[in-house]
Amino acid sequence: MGVRTGAEYLQGLRSSPRDVWVGGQRVDNVADHPAFCAVAREIAALYDMQHQPEHRDSLTALDAVTGERCGIAFEPAQTVDDLRRRREGFRLWAEASFGLLGRSPDFLNTTLLALWEDRSVFGEAGERYADSVAWYYDHVRRHDLFLSHALVPPQNDRTKQSHEQGALHLRVTGEEDGGIRISGARMIATLGPVADEILLYNLPGMKPGDEDHALICAVPASAPGLRQICRQPYVIAGERASFDHPLSTRFEENDSLLVFHDVFVPWQRVFSYRNVKLSGEMYFRTAIRNHTAYQTNTRALAKMQFATGLAMAVARSIGADTFLHVQHMLGECIGYVEHLKSGLARAEVEAERTASGTLRPALAPLQTLRTMLPQAYPRVIEILQTIGAGGFMLMPSGADLAAEEIAGDTATYYAGAQLPSIDRVKLFKLAWDLAGEAFGQRLVQYERYYAGDPVRNIAGTYLAVDDTDYRRLVDAALALAGEPQPAGAAPGSGA
Ligand SMILES: Cc1cc2nc3c(=O)[nH]c(=O)nc-3n(C[C@H](O)[C@H](O)[C@H](O)COP(=O)(O)OP(=O)(O)OC[C@H]3O[C@@H](n4cnc5c(N)ncnc54)[C@H](O)[C@@H]3O)c2cc1C
């Protein structure tokens, strides 16, 4: 089939009714529902970009076997230039949403590439699991499907393992000739309502006893028995003006709780089953973190550049960038952006070979960026809020600007240092959509948590460190002291 168009993606949603709940109502056709249609259109626009002559070669690759094009995120890299080409594809899609769509299709497509490259890891439990990984990678790539995923058991009681919590968490409930049956809940499926498929695996840290919960598999979003209950949307199409909320009216990614009611999963879609060890080790034995972090840091670079650019524009609009402490804050933001650029480049320079002979970006710099962002992005947003200060609370609506009776006032009193009123109002509204609205607060929460608990992630950096170079320097410095000398001996002789 090759790469899809936006229309094909939307048609796919319409022709696969699902059990999605939002605002107390069941929605069969998410593509045209006011809670989801805006973001579905944005995803459709990404698919369309794959066909645009100026982007086609960056966003897609030619499949040598089928002669069809596939999304660049599926394409294994052989050289550093291939990696850079992948990054350029990620950048193009990320900048289309200013980095605000955290879960554009390329994110999980990189996960599938990682599973496929290291499918032998799954094959250790039986060749059929490796075959299933290969089949699924090929299936998603050839049909250019859009995946969501849900890895975490819902927050019921974090002091207990899943098997100690009755029937709450997703688990295997039965096995048949053709496959398995699964029931229970998982959080959070960002864009789950408008996805074609849901990928399920576990975060590291599973313990013996949780065998029924150790499961790596995939199900269609329309699978019978799979229900999605969405959080309350921040934006309903038609209720807010684009002038007042230019970002949230386009880029809100809804999130859902997945509830599985006796869902059947054929063996072809089961990649690991009742294997606590593998479920825990998958993160470390495949390139999943390398590939996803390469995509997601590229996306984060767009988001950080955008937020920093807004902070600069807001500061300049009122002349605040002439103040030292504002310059200091803007310099701090630019520093984060430069860190991202440097880390991505180092990941390419220090790229590693996978077991299957392909190339993956180096993990250490990417993981460092991933653990920096939960602090850096909220900080940039705090800086934006601090620079705009009370001005954000002052802005009239687009309807006010269009009201002739008060036009004299609105054209006069909102002007900036160098900006006419309308341009300053536009700028401040754009910035507040990002920094203040519920939509913007979710984007902060996203950067804090989307890659797992930031506390345990940073602790993990310490636990996994190769400390050779650290110890070498400390040992060399310790050697300077030499042996203890009796009192009165010549000082400073050392060893
Ligand atoms: C906007 C958004 C979108 C998301 N999208 C997705 C998605 O598409 N797919 C997906 O799978 N997930 C998604 N997530 C979920 C994300 O994976 C989790 O939020 C993340 O793993 C943290 O888990 P939690 O939220 O359950 O927090 P918890 O693990 O419940 O943590 C709550 C608090 O308790 C502390 N804590 C809990 N357990 C421990 C422990 N054992 N040791 C030390 N401290 C502990 C944490 O530090 C934290 O402060 C998303 C999250 C957000 C916010």
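Atoms within each ligand, like the ligands themselves, are counted from 1 in listed order. Note that these values count all heavy atoms, side chains included, but never hydrogens, waters or copies made by symmetry. In this text, all values refer to a predicted model and were calculated from it rather than measured experimentally.
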Atoms of ligand 1, numbered as shown, that sit under 4.0 Å from any heavy atom of Q445: 53 (C)
For atom 25 (O) of ligand 1, tell me which residue out of R456, M187, E447 has the closest non-hydrogen atom. M187
Within a 6.0 Å radius of atom CZ on R181, are there more than 12 heavy atoms belonging to other residues, nucleotides or ligands? yes
Any Lys/Arg nitrogen of R69 or E75 sitting under 4.0 Å from an Asp/Glu carboxylate oxygen of the other? no
Per-residue contact class, R103 against ligand 1 - non-hydrogen pairs under 4.0 Å: side chain
Is the Lys NZ or Arg CZ of R231 less than 6.0 Å from the centre of Y234's six-membered ring, within 45° of the axis? yes
R103 charged N/C atom sitting above F107 aromatic ring, 6.0 Å / 45°: yes
Tell me whether the guanidinium CZ or amine NZ of K303 lies under 6.0 angstrom from the six-membered ring centre of Y377 and within 45° of its axis. yes
Cation over ring, R128 on W267, under 6.0 Å and within 45°? yes
Using a 4.0 Å cut-off to any heavy atom of Y449, which atoms of ligand 1 qualify? 16 (C), 17 (O), 18 (C), 19 (O), 20 (C), 22 (C), 53 (C)
Counting only heavy atoms not in E176, do more than 12 fall under 6.0 Å of its CD? yes
Is the closest N or O pair between R442 and ligand 1 shorter than 3.5 Å? no
Closest non-hydrogen protein atom to atom 27 (O) of ligand 1, residue and atom name please, with distance? Q155 NE2, 3.5 Å
Tell me, which protein residue and heavy-atom name are nearest atom 2 (C) of ligand 1, and how many Å apart are they? Y446 CD1, 3.9 Å
Is any side-chain N of the basic residue among R171 and E211 closer than 4.0 Å to the acidic one's carboxylate O? no
Looking at Y9, I'd like to know if the NZ or CZ of R4 sits under 6.0 Å from its six-membered ring centre while staying within 45 degrees of the ring's axis. no
of all protein heavy atoms, closest to atom 28 (P) of ligand 1 is R158 NE, 3.6 Å
If you scan protein heavy atoms around atom 12 (N) of ligand 1, the nearest is I188 O, 3.5 Å
For atom 3 (C) of ligand 1, what's the nearest protein heavy atom and its distance? T190 OG1, 3.3 Å
Is any heavy atom of the protein nearer than 4.0 Å to atom 33 (C) of ligand 1? no
Can you list the ligand 1 atoms lying under 4.0 Å from a non-hydrogen atom of V152? 17 (O), 21 (O), 26 (O)
Counting from 1, what ligand 1 atoms have a heavy atom of L151 closer than 4.0 Å? 10 (C), 11 (O)
Which atoms from ligand 1 have a heavy atom of G452 less than 4.0 Å away? 20 (C), 21 (O)
How are the rings of Y136 and F271 set to each other: parallel, tilted or perpendicular (split at 30° and 60°)? tilted
Which option wins on minimum heavy-atom distance to atom 35 (C) of ligand 1: N156, L199, D453, L200? D453
